[in-house]
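Data first, discussion second: the structure below is written as C-alpha cells.
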Amino acid sequence: MDYDTYGSSAIELAIELANTERTDPGWARAFLSSHVEWFTPGTSFDLSPGEAHKAGATAELVRAVALADTQHDVLERLNQLLTLARPRPYATDHDGELHLHYARPDAPVLEQLTTTVAMGLSQVVVQHGWQRLGVCSAEGCDDVYVDTSRNASRRYCSNTCASRSTVAAYRARQKG
Ligand SMILES: [Zn+2]
Ligand SMILES: [Zn+2]
C-alpha cells in the first residue's frame, strides 16, 4: 500500500488528534499550533470552550472508528463523524506537492479541523479497509494508529512502543 497515491496524510492528523491528551484546557490550541501546516495561514486558533469540546468529540469519534471491530460499527461511527464535516475541497501546491484540502480556506479553524480529519479518515477506510486502523498492543498504551505497512503487520502506535515491548518480551524470556 502506498499513501502517495492518496496524495495527503490527512489521516495522520486524525490519528494524532485521537491520541492527544485533553486534560489541559489549552490542549486544543496547543494541538492546532503544532499542526499549523494543515490550516490556512492566518486562521485564528482561539477556540471557545464549546468549540474545544467539539474538537474533543471529534477526537473521540476518530478513536471510536479505530476501535470498532465490525464493519457495521465502523460505518456507523464514520458516518457520525462525517455529519460534522463541511467539505468544500480545493487543490493546492502550497508545500510544493499537488494535493487536496477538504475544507474551504476561510472556514473557522474547528470546521477546517473536523472536515480534514473526517475526510482523511474516511478516504483511507474506504480505499484501504478499516482493518488498517488499530490500537497499540504495548502494555500501558492505548493510542490508535493507521497501518501503512505493505503487509499490514503493524501492532504498535510508535517505534518507541514497539521497542519497549520487544525489551519487555526479552526480559520475560530471560526470567522464564
Ligand atoms: Zn496542504
Ligand atoms: Zn503505543
Side-chain angles (χ1 to χ4, degrees), residues 1-23 27-28 30-32 34-39 55-85 87 89 91-92 95-103 112-173:
M1 183 169 57
D2 184 3
Y3 282 123
D4 289 350
T5 56
Y6 164 48
S8 162
S9 51
I11 188 163
E12 298 292 349
L13 183 71
I15 297 293
E16 282 163 27
L17 178 66
N19 290 340
T20 293
E21 272 289 345
R22 299 195 301 277
T23 40
W27 76 269
F31 178 83
L32 296 169
S34 58
H35 294 86
V36 284
E37 69 277 16
W38 284 100
F39 307 100
T58 298
E60 276 308 316
L61 273 173
V62 173
R63 185 172 167 79
V65 171
L67 293 185
D69 48 16
T70 65
Q71 186 149 316
H72 174 266
D73 285 355
V74 169
L75 284 175
E76 202 169 83
R77 294 167 192 183
L78 199 57
N79 283 326
Q80 228 178 315
L81 183 62
L82 282 166
T83 60
L84 305 175
T92 174
D95 59 358
E97 294 271 331
L98 191 61
H99 62 283
L100 285 178
H101 278 206
Y102 297 113
Q112 289 186 47
L113 174 70
T114 305
T115 303
T116 305
V117 158
M119 297 302 289
L121 185 65
S122 333
Q123 287 270 14
V124 169
V125 167
V126 299
Q127 287 178 12
H128 303 289
W130 55 272
Q131 294 87 348
R132 287 278 172 176
L133 300 166
V135 63
C136 187
S137 306
E139 213 179 301
C141 179
D142 63 354
D143 279 3
V144 294
Y145 61 79
V146 57
D147 187 351
T148 54
S149 66
R150 196 166 295 276
N151 53 357
S153 58
R154 185 161 173 174
R155 290 176 55 217
Y156 301 103
C157 71
S158 60
N159 288 335
T160 314
C161 275
S163 51
R164 197 159 55 82
S165 301
T166 310
V167 170
Y170 174 78
R171 291 215 179 109
R173 270 198 308 277

| remark: The reported gap from SG in C161 to OH in Y145 (rounded to nearest 0.5 angstrom) is 11.0 Å
| query | Considering residues at least two apart in sequence or located in another chain, which fulfil the side-chain hydrogen bond (donor to acceptor under 3.5 Å, both in side chains) criterion with W130? | reply | Q71
| message | Using the side-chain hydrogen bond (donor to acceptor under 3.5 Å, both in side chains) criterion, which residues pair with N151? Sequence neighbours excluded. | response | S153
| request: Could you name each residue pair satisfying salt bridge (Lys or Arg N to Asp or Glu O under 4.0 Å) that touches residues 71-85, not counting sequence neighbours? | output: D73-R77
| remark: Those residues at least two apart in sequence (or on a different chain) that pass ring pair (Phe, Tyr, Trp, His ring centres under 6.0 Å) with Y156 are none
| Spatial distance of atom CG (L100) from atom OG1 (T116) [nearest 0.5 Å] | 11.0 Å
I'd like a table of donor-acceptor pairs (distance under 3.5 Å, sequence neighbours excluded) in which one partner is a side-chain atom from residues 60-69, with atom names and distances.
unit_1, atom_1, unit_2, atom_2, d
E60, OE2, R22, NH2, 2.6
R63, NH1, D142, O, 2.6
R63, NH2, D142, O, 3.3
R63, NH2, D142, OD2, 3.4

| request: Using a 4.5 Å cut-off on heavy atoms from C-beta on, say whether the side chain of S9 contacts that of W38. | output: yes
| Partner residues of T114 under the side-chain contact (heavy atoms from CB on, under 4.5 Å) criterion, sequence neighbours left out | T58, L84, L110
| remark: Separation between CG (L113) and CZ (F39), nearest 0.5 Å, reads 4.5 Å
| request: Verify the neighbour count for atom CG of N159: are there more than 12 heavy atoms of other residues, nucleotides or ligands below 6.0 Å? | output: no
| field | side-chain hydrogen bond (donor to acceptor under 3.5 Å, both in side chains) partners of Q131, counting only residues at least two apart | value | none
| field | Neighbour count >12 (heavy atoms, 6.0 Å) for atom CD, E37 | value | yes
| field | W27 versus T20, closest heavy-atom pair with distance | value | CE3-CG2, 3.9 Å
| said: For the backbone of E97 and the side chain of H99, can you confirm whether one donor and one acceptor N or O come within less than 3.5 Å of each other? | reply: yes
| Which value, rounded to the nearest 0.5 Å, describes the distance between I15 atom CD1 and C157 atom SG? | 10.5 Å
| note | E16 meets the side-chain contact (heavy atoms from CB on, under 4.5 Å) criterion, sequence neighbours left out, with E12, F31, H35
| request: With sequence neighbours excluded, tell me which residues meet side-chain contact (heavy atoms from CB on, under 4.5 Å) with T160. | output: S158
| L133/I11 under side-chain contact (heavy atoms from CB on, under 4.5 Å): CA gap, chis, key distance, verdict | CA-CA 10 Å; L133 300 166; I11 188 163; 4.0 Å; yes
| task | Work out which heavy atom in V117 is nearest to a heavy atom in A14; give both atom names and the distance. | result | CG1-CB, 3.7 Å
| query | Quick one: does R164's side chain get under 4.5 Å of C141's, heavy atoms only? | reply | yes
| remark: Hits for side-chain contact (heavy atoms from CB on, under 4.5 Å) against A152, two or more places apart or cross-chain, chain-then-number order -> R132, D147
| field | side-chain hydrogen bond (donor to acceptor under 3.5 Å, both in side chains) partners for R154, two or more places apart | value | none
